[in-house]
*Asks:* 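A single structure is presented below for examination.
A note on names: the letters A, B, ... follow the listed sequences, proteins ahead of strands, and every chain is numbered from 1.
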2 protein chains.
Amino acid sequence: MKNPSAKRSTKEPVTAQSATVTLDMVAREAGVSPATVSRIMNGTAVVSAARKEAVDAAIAKLGFVPNPVARGLAGGRTFSIGVVTQTLDSPFYGSALRGIEEKLLPLGYSPLFVSGQWNAEVEAKCMDVLRSRRVDGIIVLTGRLTDKALKNYAKTMPIVVTGRKLSAPGLAALYCDNVEGARLATQHLIGLGHRQIAFISGDPQHPDAAERFQGYRKALEEARIKFDPALVAEGGFYEASGLQAVGDLLASRKRFTAIFAANDQMAVGAALGLSRHSLRVPEDVSLIGYDDLLSSLYSNPPLSSVHQSAYELGQLAADVLLQLLSGEKPVFQVPAPRLVPRESCRRLAV
Amino acid sequence: MKNPSAKRSTKEPVTAQSATVTLDMVAREAGVSPATVSRIMNGTAVVSAARKEAVDAAIAKLGFVPNPVARGLAGGRTFSIGVVTQTLDSPFYGSALRGIEEKLLPLGYSPLFVSGQWNAEVEAKCMDVLRSRRVDGIIVLTGRLTDKALKNYAKTMPIVVTGRKLSAPGLAALYCDNVEGARLATQHLIGLGHRQIAFISGDPQHPDAAERFQGYRKALEEARIKFDPALVAEGGFYEASGLQAVGDLLASRKRFTAIFAANDQMAVGAALGLSRHSLRVPEDVSLIGYDDLLSSLYSNPPLSSVHQSAYELGQLAADVLLQLLSGEKPVFQVPAPRLVPRESCRRLAV
DNA sequence: TTGTACGCGTTATCAC
DNA sequence: GTGATAACGCGTACAA
């Protein structure tokens, strides 16, 4: 009886609104119709100030939180956004997920993360799950789906995809310029006097891999350095493959003074491989990666890399999807890749 | 006309069931009532073989996929599981998320990941979001919520929490023995002849940090080595803090021959710090971490660590929650931490 | 065994 | 402006 307005709370647990309070209850409490409550919650129509006040009070008092599930059924939108990533434990995509979550949550949207495992079939299943969950839109981080499939999905709901050049109604593609990034990295090595530059490629199935290879060749060409196929080793974007690739390179007895690995994870593997052969970075071999993972800053020596912020990319993707959702024609600009020179590269001694 | 049974597919897009197919439609197609279809989908009751066949055929033909949203509203369960992690881009928790997803997806459950940012308030909000989304249960990865709060939540729905000792109805706690793990690490160094062993602690707010510190002291005690507070530096579980801590340690001019960092990320930072001071690992200083991140295998030199598989932990958490959901009393066993000696530690020269 | 009818919590479409 | 009323897609008592 301490507080007359709180008589309902007597038997309720410490944390309020534990028993589900519905929109109907709010309506009754405020003495209006459910429709009016809904209108106020969504700003769908103008309501008299008096009623609005009463409803707001009732909402506060009861601690009403609308049920997204029911909202989904009734309104056709679930306020949830599907996000197809490839693995949940990737240092690169992890940041993207964080960026996405940060943008979405404050706006009442929940991201629904699923991972495609770099496998087109699994990815297709992911899309199905998301569709069955009635997400309002989907963000696809790169992935292996065909452009055509993606366009098809876009007919049903807004889609944002990263790492591609693509355009279709209801579809926005956030292309990251891998060619340019790789060119930058290679050019950096060339600028330091290197001429024999090995390249550890990524998984050949991966679109990024091909582009980064292109960038490598482009830089060589610009510097009039003849491309030598013996200097490229195939990797798979993971640490182990970088280690392996260095082994292959060394075994071929082809001379090189620098290595450009198509991502940081492989570069780290490569660094270990070099050290296994008593080769020091950067004294004996300069090394540069791609992605600028947080951990690269702390590798030994700190790894030079190409920065393409996954975090910002994630934020941007979320933003663009939100624009798409609100029916706007999305305008956006993917930040350009940026060279981050650190201690793993050094000028070639003459 | 190639396939007579596919005549409907003429005007449909390549990927079937793009237009939403409802249970009602299946019922009509099969010439039965919606209830019967529902019964067959859920195995709720026995139905005649004839009808079952007809319904199965209709389902296949139409490509019917039940709508989880509607299911949630009607049946009270959403087949989605909330997962509270701390950050989406943590190498350690990332593996746990992967383990959870792998267990849940095949059973028709979708994990709903939200991140608490190591902040009790944010985490509480996460719980609210999950509750409002009507998840069937929640997995909390460590986190900062009080045990009491957790028990309270458990009254509403099944909860599995990792990294705690705790017991309550509807609540299962997967405790990881950090004390033992840290003891193992320290003991390993002692066994190699080290007596001056520095300790880089984790974020003091973090429960794991305190326990690992305990384990460190316990091992010293067992070996009758006097604990020296001057040998412990405070870190924060991130690379940067490891770097910083080594600086502090070195600045104190206190002699030490080995370092135990309370996690691998700090150990990597520490390694860089040592190298900045021209100290080699393991020739001058032995170094061991905790968590056994995948990347630790490829750090230079490969980092000794304590293995506590986040991946398995995630799988286990999902399993246990599933048990809870099915009303069973969960039985489980958290795998014990395991020492993983690698090249970053060496026997102290006499 | 099978079908009917209602409820889940909300939004949208009407009339008023 | 505001309030009934009908969906939304499915589960489930209840009746048959």
*Asks:* Looking only at non-hydrogen atoms, find the nearest pair between A/Glu29 and A/Ala58 and report the distance.
*Replies:* CG-CB, 3.6 Å
*Asks:* Do the side-chain N or O atoms of A/Ser48 get closer than 4.0 angstrom to the phosphate oxygens (OP1, OP2) of D/dT2?
*Replies:*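 It does, given that an N or O in the side chain of A/Ser48 lies less than 4.0 Å from OP1 or OP2 of D/dT2.
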*Asks:* Quickly work out the A/Ile40 CD1 to D/dG1 P distance and round it to whole Å.
*Replies:* 13 Å
*Asks:* Answer with yes or no whether the side chains of A/Ser115 and B/Glu101 bring together a donor and an acceptor at under 3.5 Å.
*Replies:*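 The answer is yes; a qualifying pair exists.
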*Asks:* Give a yes/no verdict on a cation-pi contact between B/Arg164 and B/Tyr175, requiring under 6.0 Å between NZ or CZ and the six-membered ring centre and an angle within 45° of the axis.
*Replies:*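 Not satisfied by the 6.0 Å and 45° rule.
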*Asks:* If you take atom types as modelled and just measure distance, does the side chain of A/Arg51 reach the base of D/dG3 with a donor-acceptor pair under 3.5 Å?
*Replies:* no
*Asks:* B/Thr20 side chain: which of C/dT2, C/dT11, D/dG9 is closest?
*Replies:*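 The answer is D/dG9.
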*Asks:* Ignoring the backbone of B/Thr36, work out which of C/dC8, C/dT2, D/dT12 is nearest its side chain.
*Replies:*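 Looking only at heavy atoms from C-beta outward on B/Thr36, the closest nucleotide is C/dT2.
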*Asks:* Please pick, from C/dT10, D/dT2, D/dT12, the nucleotide with the shortest atom-to-atom distance to any side-chain atom of A/Arg39.
*Replies:*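 In terms of side-chain proximity for A/Arg39, the closest of C/dT10, D/dT2, D/dT12 is D/dT2.
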*Asks:* Of the nucleotides C/dG3, D/dG11, C/dT10, which one has an atom closest to the side chain of B/Ala74?
*Replies:*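 Looking only at heavy atoms from C-beta outward on B/Ala74, the closest nucleotide is D/dG11.
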*Asks:* Among the nucleotides C/dG9, C/dT10, D/dC10, which one has an atom lying closest to any side-chain atom of A/Phe64?
*Replies:*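 Of all the options, the side chain of A/Phe64 is nearest to C/dT10.
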*Asks:* Rounding to a whole Å, what distance do you find between A/Met25:CE and C/dG9:C1'?
*Replies:*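 Those two atoms, CE and C1', are 12 Å apart.
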*Asks:* Select base, sugar-phosphate, or nothing to describe what B/Pro66 touches, counting heavy atoms under 4.0 Å on all strands.
*Replies:* sugar-phosphate
*Asks:* Does a nitrogen or oxygen in the side chain of B/Ser38 sit under 4.0 Å from OP1 or OP2 of D/dG11?
*Replies:* yes
*Asks:* Rounded to whole angstroms, how far apart are CE on A/Met41 and P on C/dA12?
*Replies:*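 Whole-Å distance recorded here is 13 Å.
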*Asks:* For D/dG11 and B/Asn42 - does any side-chain N or O of the residue sit under 4.0 Å from the phosphate oxygens OP1/OP2?
*Replies:*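 Answer yes for this pair, as a side-chain N or O of B/Asn42 is under 4.0 Å from OP1 or OP2.
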*Asks:* Name the residue from A/Val160, A/Asp319, A/Leu316, A/Val83 that meets the side chain to side chain contact (heavy atoms under 4.5 Å, CB included) definition with A/Ile100.
*Replies:* A/Val83
*Asks:* Should B/Arg71 be listed as having a side-chain N or O under 4.0 Å from OP1 or OP2 of D/dG11?
*Replies:* yes
*Asks:* Which whole-number value in Å describes the distance from B/Leu23 CG to D/dA7 C1'?
*Replies:*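 Atom-to-atom, B/Leu23 to D/dA7, this comes out as 17 Å.
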*Asks:* To the nearest Å, give me how far apart CZ (B/Phe79) and P (C/dC8) are.
*Replies:* 19 Å
*Asks:* Regarding C/dG9, can its base be found pairing with the side chain of B/Arg134 as donor and acceptor, where the two atoms are less than 3.5 Å apart?
*Replies:*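 Looking at the base of C/dG9, it does not pair with any donor or acceptor on the side chain of B/Arg134 (distance under 3.5 Å).
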*Asks:* Take the protein atom CZ of B/Arg133 and the nucleotide atom P of C/dT10, then report the distance between them rounded to whole Å.
*Replies:* 13 Å
*Asks:* Mapping A/Leu73 and B/Val47 to their closest nucleotides on DNA chain C, which lands nearer the 5' end?
*Replies:*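 Nearer the 5' end of the strand: B/Val47.
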*Asks:* Considering only C/dT10, C/dT1, D/dT2, which nucleotide approaches the side chain of A/Thr22 most closely?
*Replies:* C/dT10
*Asks:* Salt bridge between B/Arg98 and B/Glu102, side-chain N to carboxylate O under 4.0 Å?
*Replies:* yes
*Asks:* Rounded to whole angstrom units, what separation is found between the CG atom of B/Asp24 and the C1' atom of D/dG11?
*Replies:*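 Distance check: B/Asp24 CG to D/dG11 C1' gives 12 Å.
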*Asks:* With the side chain counted from C-beta on, respond yes when A/Thr78 and A/Pro68 share a heavy-atom pair under 4.5 Å apart, and no when they do not.
*Replies:*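 Not touching, per the 4.5 Å side-chain cut-off.
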*Asks:* Return the nearest nucleotide to the side chain of B/Val46; candidates are C/dT1, D/dA4, D/dC10.
*Replies:* C/dT1
